[in-house]
Amino acid sequence: QVQLVESGGGLVQAGGSLRLSCAASARTIKNYRMGWFRQAPGKEREFVVYITWSSGNTAYVDSVKGRFTISRDNTKNTVYLQMISLKPEDTAVYYCAAGPAYSTTSPLLARAYKYWGQGTQVTVSS
């Protein structure tokens, strides 16, 4: 069982920055891939980025490339999502997720992840 706790959301003006954190409970988290997804009102949940804990491999959705950066802290079992140059269209609830690193399911898909956090709201005003 893996528990994920997100933090760091909030209200920011367009062009501003936020850093989201996702603290994982399991010591075996290094066997997982960690993903960030987001869901805007009236829209489906959307893949944002993932990182494989052990290798550090990452992939980003095109709309955030160059603006968002995912990283991990092995000592704290925490994944971060640094977001800069935020846009109103980035407004959403952001979810952290964990899934087995050995899964053959694409890490860009929500069903590749078994554990989910409660979500944190990010609101970008224009």
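Listed by chain and residue number, Trp53, Asn74, Asn77 satisfy the side chain to side chain contact (heavy atoms under 4.5 Å, CB included) test with Lys30 (two or more places apart in sequence, or in another chain). For Asn31, there are no side-chain hydrogen bond (donor to acceptor under 3.5 Å, both in side chains) partners, not counting sequence neighbours. With sequence neighbours excluded, no residue forms a side-chain hydrogen bond (donor to acceptor under 3.5 Å, both in side chains) with Ser25. Under the ring pair (Phe, Tyr, Trp, His ring centres under 6.0 Å) criterion, Phe37 pairs with Phe47, Tyr113, Trp116, sequence neighbours left out. Scanning for side-chain hydrogen bond (donor to acceptor under 3.5 Å, both in side chains) contacts around Glu46 gives Arg38, with sequence neighbours left out. Under the salt bridge (Lys or Arg N to Asp or Glu O under 4.0 Å) criterion, Arg67 pairs with Asp90, sequence neighbours left out. Partners of Val12 by side chain to side chain contact (heavy atoms under 4.5 Å, CB included), not counting sequence neighbours, listed by chain and number: Leu18, Leu86, Val124. Residues satisfying the side chain to side chain contact (heavy atoms under 4.5 Å, CB included) test with Ser125, not counting sequence neighbours, are Leu11, Gln13.
Atom OH of Tyr95 sits about 10.0 Å away from atom OG1 of Thr120, to the nearest 0.5 Å. Annotation: the span from Arg72 atom CZ to Cys22 atom SG amounts to 14.0 Å, rounded to 0.5 Å. To the nearest 0.5 Å, atoms OG1 (Thr69) and CG (Leu81) are separated by 8.0 Å.
Looking at every heavy atom in both residues, Ser85 comes nearest to Ser17 through N-OG, 4.4 Å. Of all the heavy atoms in Tyr60 and Ile70, the pair that sits closest is OH-N, 2.9 Å. In terms of heavy-atom proximity, Ala14 sits nearest to Ser126 at CB-CA, 4.3 Å. Of all heavy-atom pairs spanning Ala98 and Ile29, the tightest one is CB-CD1, 4.2 Å. The minimum heavy-atom distance between Gly9 and Val122, with the atom names listed, is CA-CG2, 4.2 Å. Nearest heavy-atom pair, Thr78 versus Ser21, reported as atom, atom and distance to 0.1 Å: CG2-CB, 4.2 Å.
Counting only distance, with no hydrogens or angles, the side chain of Gln39 and the backbone of Ala92 share no donor-acceptor pair below 3.5 Å. In this structure, Gln118 contributes its side chain and Val5 its backbone to no donor-acceptor pair below 3.5 Å.
Listed by first then second residue, pairs satisfying salt bridge (charged side-chain N to carboxylate O under 4.0 Å, His left out) with a partner in residues 74-89 number zero, not counting sequence neighbours. Sorted by first then second residue, the ring-ring contact (aromatic ring centres under 6.0 Å, His included) pairs that include residues 61-94, not counting sequence neighbours, number zero. For residues 94-110, no pair satisfies salt bridge (charged side-chain N to carboxylate O under 4.0 Å, His left out), with sequence neighbours left out.
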Extract all donor-acceptor atom pairs below 3.5 Å that involve side chains of residues 100-112 and protein atoms in other chains or at least two apart in sequence.
{"residue": "Ser103", "atom": "OG", "partner": "Thr105", "partner atom": "N", "Å": "3.1"}
{"residue": "Ser106", "atom": "OG", "partner": "Leu108", "partner atom": "N", "Å": "3.2"}

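Counting heavy atoms from C-beta on, the side chains of Leu4 and Met34 come closer than 4.5 Å.
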